[in-house]
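Side-chain atoms are counted along with the backbone in the values below, which use heavy atoms only and exclude waters and symmetry mates. In the text below, chain A, chain B and the rest are named by the order of the sequence lines, each starting its count at 1.
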Amino acid sequence: MVSIATWNVNSIRARLAHLSTWLGEAAPDVVAIQETKVQDADFPKDELAALGYHVLFSGQKSYNGVALLSKRPATLVATDIPGFDDPQRRVLAARVDDCLVVDLYVPNGSEVGSEKYAYKLSWLDALTAWVATLMASEPRIVLLGDFNIAPDDRDVHDPEAWRGKILCSEAERERLRALTALGLVDVFRSFEQAPQSFSWWDYRGGGFRRNEGLRIDLILASAALGIGCAGCAIDLAPRRWEKPSDHAPVIAHWTA
DNA sequence: ATGGTGGCGCGGCCA
């Protein structure tokens, strides 16, 4: 694996042309997709296979849904957090060569204190317990996706306005720290980055035009993988295209 | 507290 990307496409059917164009330009070896918003029977697998990718997916009607595209064959490992009963399709783990790739669409949480927020925190606790067991036997593991958490104030356009709010609350950040404390590195922060680097901007109020965003799309690598990582960048180009996703893709690369 | 925009699927939910 030379490069791996994550992109919340906000409907794979609405974004298929964007995805195809971007895959042709960026040519990532592995792509974790979130918010496919389609049940498996309607997933555009033939279109993506025609672009040279093996395709795994776990979807549902209208909401959520994840997929993994890979130039090399992938074998499915899990589409659920073991023991966490959840009809929402947010997890896809697969082995690609000697790496375990875990595509995640973390719950948004809606509003601090809400029922959805409690679900988000319990989901994150279950995830961390599972990843702890995985890391005991998987030296080369990467967790990537839409984490719906801005790790710290550098990842927020207006930290004071967002303080304690959903995507930024201390309980969410504490959960993310507990996860990374298992031995994962946020590879984006392993390299010098421009200030005000974000991966998501609300459609409303011209958020992207004003760069009023958050960095909530993350690539977390185990030490054995993180050591060799040669760079990580947010590709802003697709966010400027007509009818874009509200997220930009994030891509990390390794030297061959 | 609300509303601003977008996707799904055709009213209202979710982000």
Side-chain angles (χ1 to χ4, degrees), chain A residues 6-22 31-45 47-48 57-67 86-92 103-124 127 144-151 155-158 160-169 171-173 175-176 198-218 234-250:
Chain A
T6 179
W7 194 6
N8 180 325
V9 296
N10 186 17
S11 168
I12 198 159
R13 288 176 293 178
R15 225 65 63 198
L16 194 53
H18 281 199
L19 180 58
S20 302
T21 299
W22 188 75
V31 189
I33 303 281
Q34 304 85 38
E35 282 206 270
T36 56
K37 294 187 171 180
V38 64
Q39 55 195 343
D40 291 349
D42 298 325
F43 190 92
K45 56 181 189 302
E47 292 87 335
L48 294 165
F57 43 87
S58 177
Q60 64 185 96
K61 193 189 273 224
S62 302
Y63 303 115
N64 310 314
V66 286
D86 189 358
Q88 301 188 29
R89 304 293 78 205
R90 301 180 173 277
V91 175
L92 199 161
D103 178 11
L104 299 171
Y105 177 47
V106 176
N108 172 283
S110 186
E111 199 177 331
V112 171
S114 67
E115 212 168 286
K116 291 193 179 79
Y117 183 70
Y119 162 68
K120 180 180 195 173
L121 297 182
S122 61
W123 192 96
L124 287 164
L127 173 70
L144 75 172
D146 178 357
F147 281 74
N148 269 317
I149 304 171
D155 304 308
V156 182
H157 71 93
D158 185 345
E160 295 318 315
W162 280 83
R163 179 127 6 252
K165 300 282 202 311
I166 196 67
L167 315 183
C168 299
S169 75
E172 292 166 83
R173 286 175 167 176
R175 266 32 175 224
L176 184 60
F198 308 124
S199 66
W200 168 81
W201 304 258
D202 201 307
Y203 284 124
R204 299 165 286 191
F208 182 69
R209 189 170 39 78
R210 305 163 186 267
N211 197 29
E212 293 176 352
L214 303 177
R215 189 178 70 94
I216 56 177
D217 299 275
L218 310 178
I234 299 166
D235 187 352
L236 298 177
R239 190 62 176 79
R240 298 191 183 101
W241 297 344
E242 194 176 345
K243 285 273 190 182
S245 168
D246 45 351
H247 295 250
V250 184

>> I'd like to know whether N64(A) forms a side chain to side chain donor-acceptor pair (under 3.5 Å) with R90(A), so could you lay out the CA-CA distance, the side-chain angles of the two residues, the decisive distance to 0.1 Å, and finally the verdict.
In response: CA-CA 6 Å; N64(A) 310 314; R90(A) 301 180 173 277; 3.3 Å; yes

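Listed by first and then second residue, the salt bridge (Lys or Arg N to Asp or Glu O under 4.0 Å) pairs that reach into residues 108-122 of chain A are K120(A)-E172(A), sequence neighbours excluded. The stretch residues 234-243 of chain A participates, sequence neighbours left out, in these side-chain hydrogen bond (donor to acceptor under 3.5 Å, both in side chains) pairs: W22(A)-D235(A).
In this structure, CD of E111(A) is placed 7 Å from P of dA1(B), rounded to the nearest angstrom. Rounded to an integer number of Å, the gap from CG of D202(A) to P of dT2(B) is 17 Å. Rounded to a whole Å, the CG atom of N8(A) is 12 Å from the C1' atom of dC14(B). Regarding W200(A), its CH2 atom lies at a distance of 11 Å from the C1' atom of dT5(B), rounded to whole Å. Atom P of nucleotide dC14(B) and atom CD of Q60(A) are separated by 11 Å, given to the nearest angstrom. Between the CZ atom of R204(A) and the C1' atom of dG7(B) there is a distance of 13 Å, rounded to whole Å. Put simply, CZ on F208(A) is 14 Å from P on dG6(B), counting in whole angstrom units.
A search for salt bridge (charged side-chain N to carboxylate O under 4.0 Å, His left out) contacts involving D202(A) returns R204(A), not counting sequence neighbours. With sequence neighbours left out, the salt bridge (charged side-chain N to carboxylate O under 4.0 Å, His left out) criterion links D155(A) to R189(A), R215(A). Judged as a side-chain contact (heavy atoms from CB on, under 4.5 Å), and not counting sequence neighbours, the contacts of Y63(A) are Q60(A).
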What pairs of nitrogen or oxygen atoms, one from the protein and one from nucleotides 8-12 of chain B, lie under 3.5 Å apart?
| unit_1 | atom_1 | unit_2 | atom_2 | d |
| --- | --- | --- | --- | --- |
| dC8(B) | OP1 | S11(A) | OG | 2.4 |
| dC8(B) | O3' | S62(A) | OG | 3.2 |
| dG9(B) | OP1 | S62(A) | OG | 3.2 |

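Comparing dC10(B) with dA1(B), their P atoms are spaced 32 Å from each other, to the whole Å.
The shortest distance between the side-chain N/O atoms of K243(A) and the OP1/OP2 oxygens of dG6(B) is not below 4.0 Å.
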